[in-house]
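Encoded as structure tokens, the structure appears first; notes follow it.
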Amino acid sequence: MGLRVVQWATGGVGVAAIKGVLEHPDLELAGCWVHSAAKAGRDVGDLVGVDRIGIAATNSVEDILALDADAVIYAPLLPNPQEVEALLRSGKNVVTPVGWFYPGEKESAPLRTAAVEGGVTLHGTGIAPGGISDKFPLMMSIMSTGVTFVRAEEFSDLRTYDAPDVLRYVMGFGDTPEKALTGPMQKLLDGGFIQSVKMIVDAMGFNADPQIRATQEIAVATAPIDSPMGAIEPGQVAGRKFHWEALVGDEVVVRVTVNWLMGQENLDPPWDFGPAGERYEMEAKGNPDFAVTIKGFQPESVAEGLECNNGIVATAAHCVNSVPAVCAAAPGIATYLDLPLISAKAAPRLR
């Protein structure tokens, strides 16, 4: 029998995580928490589009806390620390893409206490933050010395993100620039990406100012742009850039950036992805310099992305593949710096 895993929430990441657990040789699905009463009681296989598996989803937190399980993949839209504390105290390891990648002592203390009391571990992971923005630049830097600058950057077309309410009401697309700039997105992103920057700063030993500089930029539509949330009209927000920088004096030593555009046409400023298209990039300046471009996590077309977004699947996979190592870790909070090398598993037909 494999490690028993509960999936918490069945959005895009949750659905992909369930499918990943079902094919992982060391894991088995033990339960599933859903937010919607309409999903409660339904077979989890029906919810994710596979054969029925004989496990009914529940919207009862108490049922999940009482369940015999080794781990929970906690993937709601927004994190609730009290929920995570309760899961940890119930004796369940928690792997999550929504926070705690490299938390500070003040914010992590109650969760660390809950994890130790439950004899389990909390681990934050994902794709960015939680991977390309921290883990992989550090891993690649082993082949350089005397590093002076590290950059991680995302270039994505948000028309492939089939979550209209999130795009409009959380991310600020389709809103006025004034409202978007004062909306919740900067604060929501800060929580994760500032941890990414601090992980790189600490691991590499930069004598950086502890205050991370966070800035953002806006592009507006110059003509109607079709998107999953409907048409974005001229003057409305159609592109966003966020930057997080660590500085030693006046010198930027770590920069993490996301470029989120609603396509590459009819934007002011006229932002685009350049000839390389959608991608993730990592770069370090040292001896020698290196740069890495990653393709494949963004879909080839808007239609393909609305059907299956590779970045969401990759986020879920990073969580799923981390479960055995997290369950084996010492109780408390484990970051990438505390865990061994983790890999995927071969496809079932090749095992």
Side-chain angles (χ1 to χ4, degrees), residues 11-13 15-16 77-78 97-98 126-129 132-133 151-193 214-244 255-281 293-316:
V13 171
V15 168
L77 178 61
L78 298 173
V98 294
I127 185 169
I132 289 170
S133 57
R151 176 179 64 90
E153 190 159 1
E154 174 186 354
F155 301 82
S156 293
D157 188 336
L158 268 289
R159 294 178 302 170
T160 65
Y161 187 34
D162 191 17
D165 287 346
V166 177
L167 287 169
R168 182 178 294 279
Y169 300 114
V170 179
M171 302 180 79
F173 286 97
D175 214 333
T176 65
E178 294 76 19
K179 288 184 178 179
L181 287 169
T182 57
M185 201 61 203
Q186 180 76 65
K187 184 177 180 179
L188 291 173
L189 294 176
D190 282 352
F193 284 103
T215 57
Q216 58 175 308
E217 302 173 70
I218 292 284
V220 299
T222 59
I225 299 173
D226 289 334
S227 77
M229 51 180 278
I232 298 177
E233 300 296 339
Q236 295 179 339
V237 174
R240 305 203 67 174
K241 294 187 181 187
F242 296 89
H243 313 273
W244 296 269
R255 177 186 296 123
V256 176
T257 294
V258 296
N259 301 269
W260 289 335
L261 313 183
M262 288 291 181
Q264 302 184 80
E265 299 179 352
N266 305 320
L267 296 176
D268 179 25
W271 294 342
D272 60 35
F273 300 132
E278 293 182 76
R279 65 202 182 277
Y280 287 90
E281 289 183 349
T293 297
I294 299 178
K295 303 282 284 187
F297 290 140
Q298 288 101 342
E300 291 295 326
S301 67
V302 173
E304 180 184 310
L306 295 176
E307 180 68 24
C308 180
N309 191 303
N310 294 345
I312 290 174
V313 176
T315 299

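Remember, it's a predicted structure, so these values are computed and weren't measured experimentally.
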Can you tell me which residue among Thr215, Asn259, Thr257 is in a side-chain hydrogen bond (donor to acceptor under 3.5 Å, both in side chains) with His243? Thr257

For the pair Asn266 (side chain) and Thr222 (backbone), establish whether a donor and an acceptor sit closer than 3.5 Å, ignoring hydrogens and angles. no

With a 4.5 Å heavy-atom cut-off, do Val258 and Ser156 have their side chains touching? no

Closest heavy-atom contact between Ser227 and Met262? CB-SD, 3.9 Å

Give the minimum heavy-atom separation between Pro164 and Pro228, together with the two atoms involved. CG-O, 3.5 Å

Within a 6.0 Å radius of atom CD on Glu265, are there more than 12 heavy atoms belonging to other residues, nucleotides or ligands? no

Drop me the distance from Tyr161's OH to Asn309's CG, to the nearest 0.5 angstrom. 8.5 Å

So CD1 of Ile218 and OG1 of Thr176: to nearest 0.5 Å the spacing works out to 9.0 Å

Walk me through it: do Leu181 and Val237 pass the test side chain to side chain contact (heavy atoms under 4.5 Å, CB included)? CA-CA 10 Å; Leu181 287 169; Val237 174; over 6 Å; no

So with a 6.0 Å cut-off around NZ of Lys295, is the heavy-atom count from everything else above 12? yes

All heavy atoms of Ala238 vs all of Leu267, minimum pair found to be CB-CD2, 3.5 Å

Do the side chains of Leu158 and Leu261 get nearer than 4.5 Å, heavy atoms only? no

As a quick check of understanding, evaluate side chain to side chain contact (heavy atoms under 4.5 Å, CB included) for Phe242 and Asp190, giving each step before the final call. CA-CA 9 Å; Phe242 296 89; Asp190 282 352; over 6 Å; no

With a cut-off of 6.0 Å (strictly less than), are more than 12 heavy atoms of other residues, nucleotides or ligands near CD of Glu233? yes

Glu154 and Ile127, any side-chain heavy atoms less than 4.5 Å apart: no

Can you tell me how far CE of Met185 sits from CG of Leu189, rounded to the nearest 0.5 angstrom? 3.5 Å

About how many Å separate OH of Tyr169 and CE of Met171, when rounded to the nearest 0.5 Å? 15.0 Å

Might you point out which heavy atoms bring Met229 and Gly174 nearest each other, and give the distance in Å? CE-CA, 3.9 Å

Derivation of the side chain to side chain contact (heavy atoms under 4.5 Å, CB included) call for Phe155 and Glu281: CA-CA 8 Å; Phe155 301 82; Glu281 289 183 349; 3.8 Å; yes

Is any side-chain heavy atom of Asp157 less than 4.5 Å from a side-chain heavy atom of Phe273? yes

Arg279 side, atom CZ; Ile132 side, atom CD1 - distance, nearest 0.5 Å: 12.5 Å

Using a strict cut-off of less than 4.0 Å between a Lys/Arg side-chain nitrogen and an Asp/Glu carboxylate oxygen, indicate whether Glu217 and Arg240 qualify as a salt bridge. no

Cation over ring face, Lys241 and Trp271, 6.0 Å, 45°: yes

From Phe173 CZ over to Gln236 CD, what is the distance, rounded to the nearest 0.5 angstrom? 12.0 Å

Heavy-atom nearest pair, Pro177 first then Gly235, reads CD-O, 3.6 Å

Closest contact, heavy atoms only, Gln264 versus Asp272: OE1-CB, 3.1 Å

Worked verdict on Val166 versus Leu77 for side chain to side chain contact (heavy atoms under 4.5 Å, CB included): CA-CA 9 Å; Val166 177; Leu77 178 61; 4.0 Å; yes

